[in-house]
Amino acid sequence: MILYPAIDLKDGQAVRLFKGDMEKATVFNDDPAAQAMEFVEAGCEWLHLVDLNGAFAGEPVNAAPVEAILKRTRVPAQLGGGIRDMATIERWLSLGLARVILGTVAVENPALVRDAARAFPGQVAVGIDARNGFVATKGWATETDVQVIDLARSYEDAGVAAIIYTDINRDGAMQGPNITATAELANAVSIPVIASGGVSSLDDLRALKTCGAPLNGAISGRALYDGALDLTQALALLKA
């Protein structure tokens with residue numbers, strides 16, 4: 001399993017939200033590129049970036065800090081938030097991003113996801129953000145009647161590289177991930193699944209690693225900033 005340290009970007013800063021609420025943001029670093037380098041120097045092999053403003057705006061807003069991170073680090077990074085057309089996908093990948101994460105358009109414009117996955121093999125992931133089993137879009141502000149597993153299965157033949165599954169009610173709450181729902185999703189599809197939301201301790205990572213489903217990795221944010229999860233220990237656990 002891969003550990004993906006999260007850098008969530010709001011107004012140019014590295015922040016963490018509480019359960020997806022933009023009004024409940026805690027700033028952890030005014031220099032996101034410096035934060036990225038801290039994670040890289042500690043041994044992480046991937047970075048997970050989110051343009052929070054972009055998710056609401058429907059277009060990239062925090063491009064400058066993302067580009068700064070890509071220039072300073074030499075590990076692959078994946079980015080979600082506000083990526084909703086082919087031109088934006090092409091631009092980010094041309095700048096050195098390893099993988100784009102398509103969330104809102106995975107519900108609203110599945111043809112784009114399929115076209116992008118064909119055009120850029122291995123570089124397009126689907127972000128499925130859920131509240132009580134139903135997918136939420138547009139920065140988690142819009143709730144749909146689409147169920148998580150139904151959406152995931154609809155992309156089985158699309159060639160997407162991964163599914164990033166976030167339980168919104170767990171995100172930033174330090175209450176542990178939704179192990180049951182994550183395992184159920186991973187066992188329902190052949191696409192690699194990355195767990196997100198609430199991963200806050202070594203015990204959480206052990207539980208994900210032994211959940212009975214083949215997870216690709218886990219994303220953690222607040223716990224790494226707060227010190228509740230030691231990055232070095234976490235990386236060692238997942239590699240063991």
Side-chain angles (χ1 to χ4, degrees), residues 4-15 17 20 22 25 32-33 35-36 46-130 135-144 146 151-152 154-155 157-166 168 171 191-194 196 216 219 221:
Y4 296 81
I7 300 178
D8 289 0
L9 301 162
K10 179 177 184 283
D11 305 332
Q13 300 171 312
V15 309
L17 305 185
M22 286 286 274
Q35 181 64 62
W46 269 87
L47 292 170
H48 175 77
L49 313 177
V50 181
D51 182 348
L52 293 171
N53 301 105
F56 283 90
E59 61 185 14
V61 175
N62 287 286
V66 173
E67 289 179 33
I69 290 169
L70 295 177
K71 286 176 183 174
R72 286 188 62 179
T73 60
R74 290 292 178 266
V75 301
Q78 60 186 21
L79 170 70
I83 304 174
R84 297 183 192 166
D85 56 55
M86 190 65 85
T88 304
I89 293 168
E90 291 173 349
R91 178 177 179 275
W92 277 127
L93 295 178
S94 72
L95 288 172
L97 194 71
R99 192 153 66 198
V100 294
I101 303 167
L102 305 180
T104 295
V105 293
V107 176
E108 298 183 353
N109 188 0
L112 173 63
V113 179
R114 291 174 176 276
D115 289 346
R118 277 194 297 269
F120 304 104
Q123 293 187 285
V124 176
V126 168
I128 300 182
D129 306 323
V135 179
T137 60
K138 296 183 173 68
W140 303 350
T142 301
E143 300 199 10
T144 74
V146 179
L151 181 62
S154 73
Y155 287 106
D157 62 346
V160 298
I163 289 173
I164 291 92
Y165 170 65
T166 303
I168 297 168
D171 193 72
I191 306 166
V193 171
I194 300 169
S196 177
N216 166 271
I219 294 166

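None of these values were measured; they are calculated from a predicted model.
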Student: Quick one: salt bridge (charged side-chain N to carboxylate O under 4.0 Å, His left out) pairs with a partner in residues 95-106, sequence neighbours left out?
Tutor: none

Student: With no hydrogens and no angle check, is any side-chain donor or acceptor of Y4 less than 3.5 Å from a backbone partner on Q78?
Tutor: no

Student: With sequence neighbours left out, what residues match A57 under side-chain contact (heavy atoms from CB on, under 4.5 Å)?
Tutor: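 Listed in chain order: E59, V61.
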
Student: Could you tell me which non-hydrogen atom of A14 sits nearest to which non-hydrogen atom of P32, and how far apart they are?
Tutor: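 For A14 and P32, the tightest heavy-atom pair comes out as N-CG, 3.9 Å.
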
Student: What pairs with D8 under salt bridge (charged side-chain N to carboxylate O under 4.0 Å, His left out), at least two apart in sequence or on another chain?
Tutor: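 Here the qualifying residues are R16.
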
Student: Please enumerate all residues that pass side-chain contact (heavy atoms from CB on, under 4.5 Å) together with S154, with sequence neighbours excluded.
Tutor: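 side-chain contact (heavy atoms from CB on, under 4.5 Å) check on S154 returns L151.
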
Student: Compare all side-chain heavy atoms of N62 with those of L49 and state whether any distance is below 4.5 angstrom.
Tutor: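 Counting from C-beta outward, N62 and L49 never come under 4.5 Å.
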
Student: Donor-acceptor pair, distance only, cut-off 3.5 Å: does the side chain of D129 make one with the backbone of A136?
Tutor: no

Student: Under 3.5 Å, which donor-acceptor pairs do the side chains of residues 66-74 form with other protein atoms, sequence neighbours left out?
Tutor:
unit_1	atom_1	unit_2	atom_2	d
E67	OE2	R91	NH2	2.6
T73	OG1	I69	O	2.7
R74	NH1	K71	O	3.0

Student: Tell me, please, which residues at least two apart from N109 pass side-chain hydrogen bond (donor to acceptor under 3.5 Å, both in side chains).
Tutor: none

Student: Under a 3.5 Å distance rule, please check whether S196 uses its side chain to pair with a backbone N or O of I219 as donor and acceptor.
Tutor: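 Side chain of S196 to backbone of I219: no pair is present.
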
Student: Applying side-chain contact (heavy atoms from CB on, under 4.5 Å), can you list everything that pairs with P76, at least two apart in sequence or on another chain?
Tutor: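 With neighbours one apart ignored, the set is W46, A98.
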
Student: Filter on salt bridge (charged side-chain N to carboxylate O under 4.0 Å, His left out), then keep only pairs touching residues 102-122, sequence neighbours left out; what's left?
Tutor: E108-K138, R114-D157, D115-R118

Student: Mind checking whether V100 and Q123 have side chains closer than 4.5 Å, heavy atoms only?
Tutor: no

Student: Under the side-chain hydrogen bond (donor to acceptor under 3.5 Å, both in side chains) test, which residues partner Q35, sequence neighbours left out?
Tutor: N29

Student: Within the structure provided, determine whether M86 and F120 are in side-chain contact (heavy-atom separation under 4.5 Å).
Tutor: yes

Student: Among residues at least two apart in sequence or on other chains, which ones pass ring-ring contact (aromatic ring centres under 6.0 Å, His included) with Y165?
Tutor: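 With neighbours one apart ignored, the set is empty.
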
Student: Quick one about T137 and T104 (side-chain donor to acceptor, distance below 3.5 Å, no hydrogens or angles considered), yes or no?
Tutor: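 There is no such pair between these side chains.
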
Student: Nearest 0.5 Å, what's the CG-CG distance between D85 and L102?
Tutor: 10.0 Å

Student: Kindly write out the residues that satisfy side-chain contact (heavy atoms from CB on, under 4.5 Å) with D11, not counting sequence neighbours, or none if the list is empty.
Tutor: N53

